[in-house]
Amino acid sequence: MDTYRRKKPEEILAAIQKQGRGRLHILIGAASGTGKTYHMLLEGRSLSEQGVRVVIGSITASDRAETSQLMNGLDRVPGIIWSIGGTETEDLDVEAILCRRPEWVLVDELAHRNRPGAAARTRLEEVEQLLAHGISVVTTVNVYELEGVQHTASQLTGIKAAEVLPGHVLQMADEVRLVDVTPEKLLSRVEQHKLQVDQHSSVVKEGNLSVLRELALRLVAEGVGESLIKLREEQGYTGPSGTGERILVSVQYHFNGSIYIRRGQQIARRLNGDLRIITFVNSNRKRTKEEAAFRKAMIQLADKVGAKIEELPIRSRRRLSDQLVDYALRNGVTRIVMGHSKQSFIQELLQGSVVKDVLRRIRHVDLFLVADRADHDGERILPTKSLNSAGSSSVVEMKERDSSIIRGHFKVYIGAAPGVGKTYTMLREGNELLHSGLDVRIGLLETHGRQETEDQIGQLPLINRKRIAYRGTELTEMDTEAILREAPDVVLVDELAHTNVPGSRLRKRYEDILEILEAGISVISTMNVQHLESLNDTVEHITGVRVRETVPDSILHLADEVQIVDVAPRTLKKRMRDGKIYAQEKVDQALQHFFKEANLIALRELALRELADDVDERLEAWERNNSLRGPWRREEVIHVCVDVQEDADRLIRRGFRIAHRLKATWYVNHVQVTDREAMMRKEYKHRLDQLKLMTERLGGTFRIVQTDHRNQVPELLIQLADQDAATQIITGQSKYRYRFASCGRRAVIHRLVRDARHIDILIVAKDM
């Protein structure tokens with residue numbers, strides 16, 4: 001239907017401007033040495049093999065063996081050599097390229113400044129000239145060379161770029177892709193003299209590399225998120241996409257307003273979300289002096305935290321909740337932050353309650369009610385040094401706990417979907433390690449018949465699989481005992497989330513990997529972001545597919561290195577159409593379901609954000625002061641309240657993710673109403689066992705308390721929270737949505753909202 005949709009004027013103008021213009025692909029890395037040039041050449045060779053005319057316009061580090069090998073067979077247009085400070089450098093020979101008229105040009109280092117007196121001052125100007133002549137360009141850039149990032153990078157690391165690219169560069173690009181490398185890998189290249197970098201440079205410091213890497217991950221994720229929003233708008237979708245967080249703080253010009261703004265800002269930072277602030281004003285009423293003073297102070301505070309207060313006219317006091325919810329849905333808000341109601345039970349009945357009205361209307365949007373503790377704690381949420389509590393261990397703490405064990409090095413390649421090249425990259429690294437003299441074996445490989453992947457096996461020896469008899473059929477599985485017996489230095493194990501075949505000693509492949517690591521053998525493995533346990537519900541919301549095989553988040557947190565293999569959705573869909581991912585008979589079905597463009601964009605954003613969070617967690621664990629998300633001042637204690645309904649799993653996963661980000665102790669509480677018939681049912685017991693197992697797998701504590709009367713459930717939950725000094729209660733949205741739900745059989749959520757006003761409450765929206 002999009003083919004027949006009437007185009008907007010700006011879309012028509014953009015289409016006209018792009019006619020006859022070349023395409024621009026930008027490869028972004030954290031710093032020099034991440035492999036941007038290598039991947040640029042890979043893309044060039046791939047195009048050349050398809051019959052496309054490709055030339056090299058400018059290249060750096062051509063003395064590296066891998067780079068030189070990829071250059072073989074590609075035409076090169078020699079650049080203009082000149083010297084600066086005794087070092088030779090190269091400008092593009094634009095006239096020679098235009099005479100050659102290639103379809104694509106490979107141009108390294110977009111942030112290059114040309115020689116004095118050159119027709120164009122910068123390489124960017126020359127690239128724009130090539131694009132205007134219909135020649136497409138693949139180019140590279142370091143994240144700190146981009147306007148908008150350079151200032152933050154300089155503040156956090158002291159690194160400054162010689163040339164800064166303007167902010168519109170990424171908007172010009174048809175495709176932006178991250179070339180990700182862990183700091184450990186980059187530093188290893190420096191130590192092995194595979195990378196010519198001054199070892200005293202600020203760039204070559206693990207902490208600084210981590211900061212630059214996180215900046216690159218977040219920058220690309222934001223761009224992917226913007227493209228997803230645009231696509232969803234074109235397709236007529238409203239509400240949040242399910243990938244990034246967008247926090248909306250609703251305030252009044254009142255003394256509590258600053259508390260809500262600060263809380264909202266801190267939530268936004270910890271969840272890496274955007275922050276919006278709105279207030280409803282009556283334009284027909286003049287502000288009091290007190291309101292004017294609060295307004296001025298709150299506008300200054302909003303500016304300080306990087307947001308603006310948007311003033312919206314009140315249409316009707318009775319319809320405030322409608323206005324608030326409509327605004328949230330129009331703007332893709334994922335969480336509304338507001339204060340607890342100050343009304344009594346009788347006042348709520350007679351006058352209505354904005355909080356309850358919002359709860360009755362919202363779908364797919366969480367509601368966070370901020371406790372008013374100003375009298376006791378003051379503005380307690382000012383950023384200060386973060387505290388680690390026993391409930392959610394840092395990466396460093398988890399590793400120190402096993403310091404007595406000579407543990408193997410664990411690396412995981414993660415991707416947004418099948419076919420991005422995780423196995424290909426794992427095999428490539430395996431061959432690099434093999435050639436460096438290490439004993440590297442393939443423990444388990446799934447090529448799925450992909451020729452490009454099979455070609456990467458090279459000289460890597462394969463440990464034969466174990467054969468297991470099952471119901472008259474012979475199945476194969478990774479032979480963990482053989483790996484332990486042969487004890488190589490490194491073993492490559494594909495598909496971390498795999499469930500072992502029936503009859504295996506261990507149920508999950510990651511359990512085998514843990515045994516291998518404990519034996520001192522290093523492991524490199526692969527997985528897709530949708531297999532991460534805590535993202536299970538998010539992925540189902542995005543794709544409509546429930547992923548059955550999952551990996552506990554703790555396994556990923558235990559990894560010494562996690563690296564993303566990033567591929568643009570259009571490239572991935574082309575691979576699919578070319579039969580490089582699934583067999584041709586499955587291609588059409590995949591493209592219409594899981595591999596829909598919106599799904600691929602959302603999963604890519606999810607993977608980038610997830611890894612950025614992982615990088616930030618490691619920065620905090622190393623007690624660095626430049627964590628991009630900012631610290632959380634006080635020890636948090638999270639209480640998740642669940643029944644045995646389907647959304648209990650989602651609440652537990654949400655509780656874990658929040659607790660992990662806040663370094664919080666967290667509990668899952670279930671109140672069991674004494675009913676012998678219900679308690680004896682196998683389904684009920686089985687369900688409780690499932691919830692307990694999930695909680696413990698994610699590192700929480702599952703508790704069951706009993707009562708004889710259903711109406712005591714809210715009271716018991718609040719008692720438990722007070723007993724543990726809980727700072728936040730997480731619960732699901734009530735199924736009772738009618739106005740007077742608090743009469744008669746009162747919903748638990750309404751009682752919690754009214755009687756636990758001294759505690760922050762997060763009400764998680766039902767996924768309908």
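- Here the closest heavy-atom approach between residue Gly79 and residue Glu90 is recorded as N-OE2, 3.0 Å.
- Taking 4.0 Å as the cut-off between side-chain N and carboxylate O, Arg246 and Asp274 count as a salt-bridged pair.
- Looking at heavy atoms from C-beta onward, Arg262 lies in side-chain contact with Lys304 at the 4.5 angstrom threshold.
- Residues that satisfy the salt bridge (charged side-chain N to carboxylate O under 4.0 Å, His left out) test with Glu109, not counting sequence neighbours, are absent from this structure.
- Judged purely by atom type and a 3.5 angstrom limit, Glu147 has no side-chain atom pairing as donor or acceptor with the backbone of Pro166.
- Nearest approach of Thr34 to Ala30, heavy atoms of both residues: CG2-N, 3.9 Å.
- With rounding to the nearest 0.5 Å, the separation of CD1 in Ile97 from CD in Gln129 is 9.5 Å.
- With a 4.5 Å cut-off on side-chain heavy atoms, Gln530 and Pro418 count as touching.
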Full working for side chain to side chain contact (heavy atoms under 4.5 Å, CB included) between Leu170 and Leu219: CA-CA 10 Å; Leu170 296 187; Leu219 179 70; 3.8 Å; yes
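- Under the 4.0 Å criterion applied to side-chain N and carboxylate O atoms, Glu452 and Arg575 are not assigned as salt-bridge partners.
- With rounding to the nearest 0.5 Å, the separation of CG in Leu603 from CD in Glu605 is 10.0 Å.
- Taking a cutoff of 4.0 Å between a charged side-chain nitrogen and a carboxylate oxygen, Glu145 and Lys36 do not qualify as a salt bridge.
- In this structure, a donor-acceptor pair under 3.5 Å is present between the side chains of Thr37 and Asp108.
- A salt bridge is absent between Asp616 and Arg213; no separation between the charged side-chain nitrogens and carboxylate oxygens falls under 4.0 Å.
- The two residues Leu92 and Glu126 make their nearest non-hydrogen contact at CB-OE1, 3.5 Å.
- A side chain to side chain contact (heavy atoms under 4.5 Å, CB included) with Asp566 is found for one member of Ile28, Asp180, Ile414, Val220 and no other, namely Val220.
- Between Thr87 and Thr89, every side-chain heavy-atom pair lies at or beyond the 4.5 Å cut-off.
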Steps toward side chain to side chain contact (heavy atoms under 4.5 Å, CB included) verdict (Leu74, Leu106): CA-CA 10 Å; Leu74 290 176; Leu106 310 184; 4.2 Å; yes
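- Rounding to the nearest 0.5 angstrom, the gap separating the CE atom in Met172 from the CZ atom in Arg21 is 5.5 Å.
- Residues Val365 and Val325 have side chains not in contact (no heavy-atom distance under 4.5 Å, counting atoms from C-beta outward).
- The two residues Val305 and Gln265 come nearest to each other via the heavy atoms CB-CG, 3.5 Å.
- For Phe595, the ring pair (Phe, Tyr, Trp, His ring centres under 6.0 Å) test picks out Tyr582, with sequence neighbours left out.
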Steps toward side chain to side chain donor-acceptor pair (under 3.5 Å) verdict (Gln50, Ser46): CA-CA 7 Å; Gln50 296 169 46; Ser46 176; 3.3 Å; yes
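- His25 NE2 to Leu47 CG: the interatomic distance, rounded to the nearest 0.5 Å, is 8.0 Å.
- Distance check: Leu41 CG to Glu43 CD gives 10.5 Å after rounding to the nearest 0.5 Å.
- With sequence neighbours excluded, the residues that form a salt bridge (charged side-chain N to carboxylate O under 4.0 Å, His left out) with Asp91 are Arg115.
- Within 6.0 Å of the CD1 atom in Ile81, the count of heavy atoms belonging to other residues, nucleotides or ligands exceeds 12.
- Ion pairing between Lys574 and Asp578 holds under the 4.0 Å rule for side-chain N and carboxylate O.
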Pair Ile278-Leu324, side chain to side chain contact (heavy atoms under 4.5 Å, CB included): steps then yes or no: CA-CA 9 Å; Ile278 62 169; Leu324 179 58; 3.6 Å; yes
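- The main-chain N or O of Leu70 is found under 3.5 Å from a side-chain atom of Arg45 such that the two form a donor-acceptor pair.
- A salt bridge does not link Arg123 with Glu163: every distance from a Lys NZ or Arg NE/NH1/NH2 to an Asp or Glu carboxylate oxygen is 4.0 Å or more.
- At least one side-chain heavy atom of Leu532 sits under 4.5 Å from a side-chain heavy atom of Met527.
- Remark: the backbone N or O of Glu245 is not paired with any side-chain donor or acceptor of Thr334 at under 3.5 angstrom.
- With contacts defined as side-chain heavy-atom distances shorter than 4.5 Å, the pair Asn528/Lys422 qualifies.
- The backbone N or O of Phe368 sits nowhere less than 3.5 Å from a side-chain atom of Arg335 that would complete a donor-acceptor pair.
- With contacts defined as side-chain heavy-atom distances shorter than 4.5 Å, the pair Thr279/Arg295 does not qualify.
- The backbone N or O of Gly421 sits less than 3.5 Å from a side-chain atom of Thr425, completing a donor-acceptor pair.
- Between Ile581 and Leu572 there is a side-chain heavy-atom pair separated by less than 4.5 Å.
- Residues Ser210 and Val615 share a closest heavy-atom pair of O-CG1, 3.4 Å.
- Atoms CG and CD1, from Leu130 and Ile135 in turn, are 5.0 Å apart once rounded to the nearest 0.5 Å.
- Closest non-hydrogen pair, Ala221 versus Arg609, comes out as CB-CG, 3.8 Å.
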Check against side chain to side chain contact (heavy atoms under 4.5 Å, CB included), Leu215 and Val211: CA-CA 6 Å; Leu215 285 169; Val211 170; 4.2 Å; yes
